[in-house]
Amino acid sequence: MKKGIFKKVLKIFAGLLVLICIVLAILIANQYIIRNNNLKFLGEEALILNQKGQEFRDLNKNGKLDIYENPKANIEDRLDDIISRMNLEEKAGTMFITMIGMQPNGKPFDVPFFFF
C-alpha cells in the first residue's frame, strides 16, 4: 500500500517538474523573441571601419569617422558633435530612455519595465 502511494506521489512530483520546465522554457523563449524583436528596431548593425589604422563603429553608417564616433576625441567635442546632429525630439527623448518602457501597443508602462 505504501509503495503505491509513494509511486503516485513520485509521478505527481515528476509531472510537476516537467510542467515547471515547460513553463520556464516558454518564458525564456518569449524573452528571447521580445529581445530579438526589439533589436530589429535598431536596423542593421554598425560596421567596424578602419581609418588611418584606427578602428571605429560607423554608427550613422556614413563611411567616415565623425567626432562623436572617435573614442580618442575630447569628450566635450564628442558631446557637442552628437548634440548638434540631434533634432529636438531626439534630445527630449534622451530624458526618457531609462525611465519608461513601451508596451507592444505603443502605450507606456506605468512603472519601469526592463527586458533582459
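Fair warning: this is a prediction, and the values are worked out from it, not measured in the lab. Nothing fancy with the numbering, it's 1 onward along the sequence.
- In this structure, Lys11 NZ and Lys7 NZ are separated by 7.5 Å, a value rounded to the nearest 0.5 Å.
- For the atom pair CD (Gln51) and CD (Glu69), the distance works out to 9.5 Å, reported to the nearest 0.5 Å.
- In this structure Asp81 satisfies the salt bridge (charged side-chain N to carboxylate O under 4.0 Å, His left out) test together with Arg85, sequence neighbours excluded.
- Taking Ile, Leu, Val, Met, Phe, Trp and Tyr as members and joining any whose side-chain heavy atoms lie under 4.5 Å apart, directly or through other members, the hydrophobic cluster of Leu79 also contains Ile75.
- Residue Leu49 holds its CG atom at 4.5 Å from CZ of Phe56, rounded to the nearest 0.5 Å.
- Summarising the hydrophobic clusters (Ile, Leu, Val, Met, Phe, Trp, Tyr; side-chain heavy atoms under 4.5 Å, direct or chained), the residues clustered with Tyr68 are Leu59, Ile82, Ile83, Met86.
- Applying the under-4.5 Å side-chain rule to Ile, Leu, Val, Met, Phe, Trp and Tyr, the cluster around Ile20 extends to Leu24.
- By the side-chain contact (heavy atoms from CB on, under 4.5 Å) test, Leu17 pairs with no residue at all, sequence neighbours left out.
- Grouped by direct or indirect side-chain proximity (heavy atoms under 4.5 Å, Ile/Leu/Val/Met/Phe/Trp/Tyr only), Ile28 sits alone.
- Cluster annotation: Phe13 and Ile5 are assigned to distinct hydrophobic clusters (Ile/Leu/Val/Met/Phe/Trp/Tyr, side-chain heavy-atom contacts under 4.5 Å, transitive).
- A search for side-chain contact (heavy atoms from CB on, under 4.5 Å) contacts involving Asn30 returns Ile34, not counting sequence neighbours.
- Under the side-chain hydrogen bond (donor to acceptor under 3.5 Å, both in side chains) criterion, the residue pairs touching residues 53-65 are Gln54-Asn70, Asn60-Asp66, Asn62-Asp66, with sequence neighbours excluded.
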